[in-house]
Amino acid sequence: MQTLKHVYISEIGKYEGQDVCLKGWLYNKRSSGKLHFLQVRDGTGIIQAVVFKGDVSPEAFEMAGRIQQESSIEVYGTVKEDKRSPIGFEIGVKDLKLIGEALEYPITPKEHGVAFLLEHRHLWLRSPRQLAIMKIRHNIIKTIRDYFNNNNFLLVDAPIFTPAACEGTTNLFETEYFDEKAYLTQSGQLYMEAAAMAFGKVYCFGPTFRAEKSKTRRHLTEFWMVEPEMAYYDLKMDMDLAEDFVETIVQSVVANNRAELEVLERDISKLENIKKPFPRISYDEAIEILKSKGKEIQWGEDFGGDEETVISEQFDRPVMIHRYPAECKAFYMKQDPESPKHALCVDMIAPEGYGEIIGGGQREDNLDLLLGKIKEHKLNQEAFEWYLDLRRYGSVPHAGFGLGIERTVGWLCGLHHVRETIPFPRMMERIKP
RNA sequence: UCCCCGGUAGCUCAAUGGCAGAGCAUUCGGCUGUUAACCGAAGGGUUGUAAGUUCGAAUCUUACCCGGGGAGCCA
């Protein structure tokens, strides 16, 4: 028995009629006198293993009736087609081996509260819903890497420890670095600008940290961001890239994660519809939309979650809002030569209220204008000398953007909160497990 | 940091001033086709912590702790 071939549940259909070995965990169990129905999962799927008293040893039958949820087991038996099975097959068990017993597993098939599940995140990950989310996250990350690899981008890893803030220190995590202070990165962008001047088209992909005391469904203190940066790109080229990039990601999920989207009860038609071109409106046009919808907002104010939602509801695909007032954007944004009060920046707002998934734009490439911005924002010029060097030695127009992985996963999965989009979420009130 | 809501059995919840309850989980018994299986029985409680009001507090008051939702800020 124990020499039988180990197969995964996702490939069980290839072995109909054959005797195989499954290695997994007991997901759920139902018993009926001389029958035990074991729901076995192995990370690739769930299959029902039927243990009939007459087919196995008395010891194996007794064990099948005794073991509890999430005990690890090896199942030896025959693959049988069965119309009653959700996956079309079940296993007629011939023998069973208990690998690791689980007693009183805390997460039952019934409902649980958010706090309880987050405290047991290390176990919660075993549930079919979390597995579906993690598979979609995996495919999104794979698609992102493939996209840049196929379009002549060079991966350049940005540092996690940084010497100073790039946009003010209030929302940075501070840490000791030998005899000085260091901060955890909030963006790799400035380093990507240096890399773009060296290699042309580059991207970084890594964790990012924000010490903001935000308690909302869209915020984590540690999240992953992918940041492409391109030399000789202007704002329009930047938006074209962002649009093509997001369409590629969404259509990859639609094509490759249909089963997972169904587990999550996602409305797939809304994702199938995410095709180029995406609507593009200026900040000034967005203000007009908001005013026509009865929002009280003045030119120069940045948009909050409410405003983003109102605008996104006007469209059935992501909307790109460009040329915000320079005063509400970061110092490195290039001012619009045709309207110096505006910055050549763009935010992409996901539909269905999922908020901003991309922020980016063209960078200020003129040394004197950039020096002026650093003074206006009361930043320490000395800390930015290396960054200013990029404008002193062969400055060129360049642009880039950052895409938040968790918000993208949350949108595509149709989740209520980004905390489920990352294996171990870090939030203002939670750092365990 | 501010505003709102919550904390009762391992879990999800009920009990709104008068005996601390149910479903699931666990234990025991029954059932050869169950699909969050079902049927019967049992065990399981410092009602977040501290103080106060009251003949009597899970319930009312105050403070604190913990968590959730939202705002600001952001991806």
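Chain naming here is simple, since letters A, B, ... match the order of the sequence lines and numbering starts at 1 in each.
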Record whether the side chain of A/Q48 comes under 3.5 Å of the base of B/rU34 through a donor-acceptor pair of N or O atoms. yes
Residue A/K34, side-chain atoms from C-beta onward, closest of B/rU32, B/rU34, B/rC74: B/rU32
Contact class for A/H417 (heavy atom, under 4.0 Å): base, sugar-phosphate, or nothing? sugar-phosphate
Using a 4.0 Å heavy-atom cut-off, does A/S85 contact any base of the nucleic acid, only the sugar-phosphate backbone, or nothing at all? nothing
For A/Y332, which of A/H377, A/Q189, A/K373 qualifies under side chain to side chain donor-acceptor pair (under 3.5 Å)? A/Q189
Can you identify which nucleotide, out of B/rU26, B/rG69, B/rU32, has its nearest atom closest to the A/R419 side chain? B/rG69
For the base of B/rG67, is there a side-chain donor-acceptor partner from A/E119 under 3.5 Å away? no
Base, sugar-phosphate, or nothing: which does A/L220 touch, judged by heavy atoms less than 4.0 Å apart? base
The dot-bracket string of RNA chain B, counting Watson-Crick and G-U wobble pairs with both distances under 3.5 Å, using [ ] for crossing pairs and | for pairs to another strand, is (((((((..((((....[..)))).(((((.......))))).....(((((..]....))))))))))))....
Side chains of residues 313-321 of chain A: which donor-acceptor partners sit under 3.5 Å, not counting sequence neighbours?
residue	atom	partner	partner atom	Å
A/Q314	NE2	A/V310	O	2.9
A/D316	OD2	A/N273	ND2	2.8
A/R317	NH1	A/K275	O	2.8

Classify the side chain of A/R430 versus the base of B/rC66 as yes if they form a donor-acceptor pair under 3.5 Å and no if they do not. no
Between A/F153 and A/F199, is the ring centroid distance below 6.0 Å? no
Would you please name every residue forming a salt bridge (Lys or Arg N to Asp or Glu O under 4.0 Å) with A/K378, sequence neighbours left out? none
Would you indicate which nucleotide in B/rG33, B/rU12, B/rG67 comes nearest to any side-chain atom of A/F116? B/rU12
Check whether the side chain of A/H219 and the base of B/rC74 form a donor-acceptor pair under 3.5 Å. yes
